[in-house]
Amino acid sequence: MQPFAWDGTFTEWDRAVFLGSLPYAFLQPVMGIPFVVFLTNVAYNVWSFLMWGFLTAFAFSTARSELRTRYLLSYFLTWIVVGNCLALAFSSAGPCFYSAIGLLPDPYQPLMDSLRKADTVYPIFALTTQDMLWDGYIGERNPLGISAMPSIHNATAILMALGAWRFGRAIGR
């Protein structure tokens, strides 16, 4: 629907913020360790279970109907506004697809090489997901959307944290 027009701009903004480097370069001493990459990948995938768990818990909660209504409304607005409207406005494929969308040279190639190297030691599920998304994008399987900015993962994680905080401070922590 919208070409990936923002990837180059976001990369340059990252370089400006990180004094000429890209953020992954600062994290590479730790994130270059395959086990750390694996743990991060597991945490990233746990997000999906948490998201569905929170949605289900709030949908069927009878204890605090006002909080339930706020959470559910916020959840759906997050997906509509952030996951659709803003994703179209700031259409970007993300670092993993940088060269695939024709942007060269690819400053993220060392990052992708590091992920593939970690995958030889521990399974990095994100690589399979990336392949699935790209195959859907190019029409080799059911169509799937690619959108890196804004991050629906971050938006829903914040929503979950805010909902948990309102439900109970101990859970929110």
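For clarity, every value in this text was computed on a predicted model and none was experimentally measured.
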Indicate the atoms forming the closest heavy-atom contact of Met160 with Phe54, along with that distance.
O-CE2, 3.4 Å
Under a 3.5 Å distance rule, please check whether Asp7 uses its side chain to pair with a backbone N or O of Ala93 as donor and acceptor.
yes
Ignoring hydrogens and geometry, is there a side-chain-to-backbone donor-acceptor pair from Thr9 to Ala5 under 3.5 Å?
no
Should Met149 and Leu144 be regarded as members of a common hydrophobic cluster, given that ILVMFWY residues are connected when their side-chain heavy atoms come within less than 4.5 Å of each other, either directly or indirectly?
no
When you measure from the side chain of Trp47 to the backbone of His153, do you find a donor-acceptor pair of N or O atoms at a distance under 3.5 Å?
yes
Hey, could you give me the CG/CG distance between Asn84 and Leu77, rounded to the nearest 0.5 Å?
11.5 Å
Indicate yes or no: at least one non-hydrogen side-chain atom of Pro95 is less than 4.5 angstrom from one of Tyr24.
no
Output, in order, the C-alpha distance, side-chain angles, deciding distance and verdict of side-chain contact (heavy atoms from CB on, under 4.5 Å) for Leu72 and Leu55.
CA-CA 7 Å; Leu72 293 176; Leu55 180 61; 3.5 Å; yes
Where is the tightest heavy-atom contact between Ala155 and Val82, given as atom of each residue plus distance?
CB-CG1, 4.1 Å
Considering all heavy atoms, the nearest Ala89-Trp6 contact:
O-NE1, 3.1 Å
Closest heavy-atom contact between Phe18 and Pro23?
CE1-CG, 3.4 Å
Show, in sequence, the C-alpha distance, side-chain angles and deciding distance for Ser99 and Gln109, and conclude whether the side chain to side chain donor-acceptor pair (under 3.5 Å) test is met.
CA-CA 8 Å; Ser99 63; Gln109 192 58 51; 4.7 Å; no
Hydrophobic clustering (ILVMFWY, side-chain heavy atoms < 4.5 Å, transitive) - are Leu50 and Trp165 grouped together?
no
Pairwise distance OG1(Thr128) to CG(Asp119) - rounded to 0.5 angstrom:
6.5 Å
Side-chain heavy atoms under 4.5 angstrom apart, residues restricted to Ile, Leu, Val, Met, Phe, Trp, Tyr: same cluster for Met112 and Phe26?
no
Do Phe10 and Leu133 belong to the same hydrophobic cluster, where Ile, Leu, Val, Met, Phe, Trp and Tyr are linked whenever their side-chain heavy atoms lie under 4.5 Å apart, directly or via other members?
no
Please answer whether the main-chain N or O of Ile152 pairs with a side-chain N or O of Thr156 as donor and acceptor at a distance below 3.5 Å.
yes
Please check if atom CG in Asp113 has more than 12 non-hydrogen atoms from other residues, nucleotides or ligands closer than 6.0 Å.
yes
Is any side-chain heavy atom of Tyr44 closer than 4.5 Å to a side-chain heavy atom of Thr129?
no
Supply the atom-to-atom distance Leu159 CG to Phe58 CZ, rounded to the nearest 0.5 angstrom.
8.0 Å
Cluster link Tyr108 to Tyr137, ILVMFWY, side chain under 4.5 Å:
yes
Which pair of heavy atoms, one from Leu103 and one from Gly8, lies closest together, and at what distance?
CD1-N, 3.9 Å
Would you indicate whether the side-chain heavy atoms of Pro34 and Lys117 approach each other to under 4.5 Å?
no
Could you check whether Trp79 and Phe76 have their ring centres less than 6.0 Å apart?
no
How long is the straight-line distance from SG of Cys96 back to CG of Leu115, given to the nearest 0.5 Å?
9.0 Å
Does atom CD of Glu66 have more than 12 heavy-atom neighbours, drawn from other residues, nucleotides or ligands, at distances under 6.0 Å?
no
Taking Asp14 for its side chain and Leu22 for its backbone only, find out whether a donor-acceptor pair lies under 3.5 Å.
no
Look at the side chain of Asp135 and the backbone N and O of Arg141, then say whether any donor-acceptor pair between them is shorter than 3.5 Å.
no
What are the two closest heavy atoms between Thr62 and Arg68, and how far apart are they?
CA-NH1, 4.0 Å
For the atom pair CG (Leu86) and OG (Ser91), what is the distance rounded to the nearest 0.5 Å?
12.0 Å
Can you tell me how far the OG1 atom of Thr78 sits from the CE atom of Met51, to the nearest 0.5 Å?
11.0 Å
Just so I know, are the side chains of Arg70 and Leu73 near enough to count as touching, which here means a heavy-atom distance under 4.5 Å?
no
Test side-chain contact (heavy atoms from CB on, under 4.5 Å) on Ser114 and Met31 and set out the steps.
CA-CA 9 Å; Ser114 177; Met31 292 304 296; over 6 Å; no
Report yes if some heavy atom in the side chain of Phe38 is under 4.5 Å from a heavy atom in the side chain of Val121; otherwise report no.
no
Please examine the side chains of Thr11 and Pro107, heavy atoms only from C-beta on, and report whether any two atoms are closer than 4.5 Å.
yes
